[in-house]
Each structure stands twice: as C-alpha cells, then as structure tokens.
Number of protein chains: 2
Amino acid sequence: MEKMIYEMHAGICTIFSNPKRLEIIDLLRDGEKSVNELSSLMDIPQANLSQHLSLMRQRGILETRREGVNIYYGIANPKVIKAFEIMREVLLEQLSKHEKMFKKIKSA
Amino acid sequence: MEKMIYEMHAGICTIFSNPKRLEIIDLLRDGEKSVNELSSLMDIPQANLSQHLSLMRQRGILETRREGVNIYYGIANPKVIKAFEIMREVLLEQLSKHEKMFKKIKSA
DNA sequence: TTATTATATGCGAATAATCTAATATATTAA
DNA sequence: TTAATATATTAGATTATTCGCATATAATAA
C-alpha cells in the first residue's frame with residue numbers, strides 16, 4: 001500500500017528529472033503559454049516539446065486549454081512551482097558551499 | 001549558462017524519481033540511520049540500497065558519518081524534506097480530485 | 001592473524017527515458 | 001474543398017537507470 005504511494009510519488013516527480021521539463025515549468029511560472037510560444041523560446045524540436053508537454057499533462061502537472069488553433073499549457077498546481085523553487089535553492093546552496101570551499105583551498 | 005543550471009537542477013531532482021529513494025528520504029526525515037537500519041526497514045537487497053545511498057550522497061542530498069563499523073546517513077538539507085512533502089501533497093490532491101470525480105460519475 | 005559484520009563497488013542484463021524523423025490530426029481561412 | 005498553421009502521435013535508435021550477483025574494502029573482535 002505504502003509502496004504504491006511511493007511509486008506514484010516518484011511518477012509525479014519524474015517531471016523534475018529532465019532539464020527541458022524544468023525549463024518548461026520555469027517558462028510557465030507566470031502563466032500559461034501556447035506550444036508555439038514555448039517552442040520559440042526553447043531550442044527544442046516541436047515534436048519533442050509536445051512529448052514532454054504530453055507527459056507532464058498525463059502526470060497532472062500541466063493542464064491545457066484550447067483557443068482556436070492554439071493549445072495553451074499552464075501549471076495545474078502552484079505547489080509544483082514551490083517544489084521547483086525549493087530544489088533550485090538546494091542546488092544554489094550547494095554551489096555556493098562548493099565555491100566557498102574552493103576559495104578556502106586556494107587561499108591556504 | 002541557464003542550460004547548465006537546468007541540467008544540475010534536474011540532476012538533483014533525479015533523486016525523487018525513484019520509489020526506493022523516496023522511501024529512504026521518508027525514513028531519514030526524523031534523523032539519520034545506519035545502512036543496516038535502513039536495510040532492515042526496507043525490503044531491498046543491501047547492495048542496491050548502497051547504490052541508491054551512494055547516488056544520493058554524490059548529488060549532495062545525503063551526508064554520512066562513520067561510527068565504528070556503521071555508517072550513518074542523514075539528509076543534508078531540510079529543504080529536501082520540504083520539497084518531498086510538497087510533491088506528496090500534490091499527489092494526494094490529485095488522488096482526492098480523482099476520487100471526487102469517480103463519485104460524481106457513479107451518482108450520475 | 002583470522003573471522004565476522006557492515007558497507008561499497010564493478011559488471012552485465014533488463015528496463016525505461018529520450019530523441020529524431022516521419023506522419024497524423026485539428027482548426028481555420030481562402 | 002483545399003491550403004496553411006498548430007499540435008500530437010508513432011516507431012525506431014540511442015542512451016541512461018536500475019537491478020542482481022559476485023566480490024571488495026573497512027572496522028572490530030577473538
């Protein structure tokens with residue numbers, strides 16, 4: 001039973017394990033964008049972008065809205081942005097810790 | 001430059017993309033544990049557990065302390081627990097949303 | 001030193017994630 | 001209906017993760 005929860009939890013978090021998908025989340029932070037808008041901001045083939053978006057939608061991280069010929073993707077739950085930010089903070093803290101260590105070593 | 005940040009960010013978040021590793025984080029929430037303790041709580045071969053621990057350590061998520069023959073693993077940054085919790089909330093909200101939908105459909 | 005316990009590592013097989021290229025579908029305009 | 005634009009899907013090749021098994025190392029006790 002608990003095992004299933006961990007599996008679903010991991011399934012959702014898979015979203016964070018790819019740089020392109022993190023970029024998508026970052027680009028959608030301040031509101032929805034169409035595939036086209038994302039595509040023009042992202043240096044990635046359109047098909048590949050669609051694949052990532054589709055995965056993120058399946059996992060319930062993104063939601064879509066059609067407007068004519070465009071499809072707008074938005075972040076389904078703001079908590080996802082929060083988790084994204086927290087993990088980025090973890091990364092930045094790691095980097096600055098390493099930087100301090102290098103300086104210490106250099107000045108020794 | 002930004003691309004590198006996304007890659008490192010994804011590298012750290014990889015930690016969340018596997019159910020065993022999530023279980024490890026969950027087990028270490030309230031403090032460090034030795035590999036042996038984890039192993040006896042976890043239904044996973046010892047070698048495989050060590051592999052996960054080693055990966056999480058490399059990524060800076062866990063830190064270790066040796067005490068005699070035992071090695072204690074602990075969570076290096078409490079923010080990791082926070083991110084873990086937030087994503088679990090996202091999951092639970094999804095599940096209850098789906099549950100509500102099922103009930104609606106059944107009663108229709 | 002040898003035996004024992006705790007932990008880590010290396011390697012290969014199995015599986016999963018990712019990308020590319022081609023093609024399909026859906027909407028709108030002409 | 002046809003053409004054009006936006007988006008999605010499929011299949012296959014490539015690469016990365018995960019795991020099991022065997023073995024290695026490290027600390028301690030006898």
Side-chain angles (χ1 to χ4, degrees), chain A residues 3-4 6-25 27-28 32-76, chain B residues 3-4 6-28 32-76 87:
Chain A
K3 203 184 156 199
M4 267 186 58
Y6 288 126
E7 272 164 18
M8 289 187 288
H9 191 162
I12 287 190
C13 289
T14 293
I15 253 47
F16 293 134
S17 68
N18 176 285
K20 299 289 182 189
R21 290 196 293 263
L22 291 176
E23 191 175 358
I24 291 170
I25 292 173
L27 288 168
L28 297 180
E32 55 175 25
K33 284 190 166 53
S34 71
V35 179
N36 227 344
E37 290 174 300
L38 287 171
S39 183
S40 69
L41 290 165
M42 269 189 73
D43 192 30
I44 185 184
Q46 177 270 321
N48 194 199
L49 174 57
S50 266
Q51 286 166 337
H52 283 301
L53 291 171
S54 150
L55 184 83
M56 294 168 89
R57 190 189 168 187
Q58 274 174 224
R59 301 286 212 274
I61 299 304
L62 300 184
E63 55 193 12
T64 59
R65 182 175 71 78
R66 169 157 238 148
E67 196 178 303
V69 84
N70 300 298
I71 295 183
Y72 288 86
Y73 279 84
I75 293 177
Chain B
K3 202 184 154 198
M4 267 186 58
Y6 288 127
E7 271 164 18
M8 289 186 288
H9 191 162
I12 286 190
C13 290
T14 292
I15 253 48
F16 293 133
S17 68
N18 176 285
K20 300 289 182 191
R21 288 195 294 260
L22 291 176
E23 191 176 357
I24 291 170
I25 293 173
D26 215 3
L27 288 168
L28 297 180
E32 57 176 24
K33 284 189 166 53
S34 71
V35 180
N36 227 344
E37 291 174 299
L38 287 171
S39 184
S40 67
L41 290 166
M42 269 190 72
D43 191 29
I44 186 184
Q46 177 271 322
N48 194 199
L49 174 58
S50 266
Q51 285 166 338
H52 283 302
L53 291 171
S54 151
L55 183 82
M56 295 168 87
R57 191 190 168 186
Q58 273 175 225
R59 301 286 211 275
I61 298 304
L62 299 183
E63 55 192 13
T64 59
R65 181 175 71 78
R66 168 157 238 149
E67 195 178 303
V69 85
N70 300 298
I71 294 183
Y72 288 86
Y73 279 83
I75 294 177
M87 289 312 291

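Naming convention: chains lettered A, B, ... in sequence-line order (proteins, then strands); numbering from 1 in each chain.
For S50(A), counting side-chain heavy atoms from C-beta on, the closest listed nucleotide (dT18(C), dA11(D), dA8(D)) is dA8(D). Residue V69(A) places its side chain closer to dT5(D) than to any other of dT5(D), dT7(D), dG20(D). Comparing dT7(C), dC21(D), dA21(C) by their nearest atom to the side chain of V35(B) picks out dT7(C). The listed nucleotides are dT20(C), dT7(D), dA6(C); the one nearest the side chain of I71(A) is dT7(D). When the nucleotides dA8(C), dT7(D), dC19(D) are ranked by their closest atom to the side chain of K20(B), dC19(D) comes out on top. When the nucleotides dA8(C), dT20(C), dA6(D) are ranked by their closest atom to the side chain of N48(A), dT20(C) comes out on top. In the set dC19(C), dT9(C), dC19(D), dT9(C) carries the atom at the smallest distance from any side-chain atom of S54(B).
For Q46(B) against dG20(D), a side-chain-to-base donor-acceptor contact under 3.5 Å is absent.
In this structure, CE on M42(B) lies 11.5 Å from NZ on K33(B), to the nearest 0.5 angstrom. For the atom pair E32(B) CD and E37(B) CD, the distance stands at 8.5 Å (nearest 0.5 Å).
Closest heavy-atom contact between S50(B) and V35(B): OG-CG1, 4.4 Å. Closest non-hydrogen pair, Y6(A) versus L22(B), comes out as O-CD1, 3.6 Å.
Following rounding to the nearest Å, I44(B) (CD1) and dC19(D) (P) show an atom-to-atom distance of 6 Å. Rounded to an integer number of Å, the gap from M42(A) CE to dT7(D) P is 14 Å. For the pair Q51(B) CD and dT17(D) P, the computed distance is 13 Å after rounding to whole Å. Rounded to an integer number of Å, the gap from L49(A) CG to dT5(D) P is 19 Å. Separating the CD atom of Q58(B) from the P atom of dA8(C) is a distance of 12 Å, rounded to the nearest angstrom. Taking atom CG of residue L55(B) and atom C1' of nucleotide dC19(D), one finds them 13 Å apart after rounding to whole Å.
The pair R65(B)-E63(B) fails the salt-bridge criterion, with no side-chain N (NZ, NE, NH1 or NH2) lying under 4.0 Å from an Asp/Glu carboxylate O.
Between R21(B) and dT18(D), a side-chain N or O to OP1/OP2 separation shorter than 4.0 Å is present. The phosphate of dT17(D) (OP1 or OP2) has no side-chain N or O of N18(B) nearer than 4.0 angstrom. Of the side-chain N and O atoms in N70(B), none sit less than 4.0 angstrom from OP1 or OP2 of dA6(C). For H52(B), a side-chain nitrogen or oxygen approaches OP1 or OP2 of dC19(D) to under 4.0 Å. Contact check, Y73(B) against dA6(C): no side-chain N or O comes under 4.0 Å of OP1 or OP2.
Using a 4.0 Å heavy-atom distance criterion, T14(A) is classed as making no nucleic acid contact. Counting any heavy atom pair closer than 4.0 Å across all strands shown, S34(B) reaches sugar-phosphate atoms only and no base atom.
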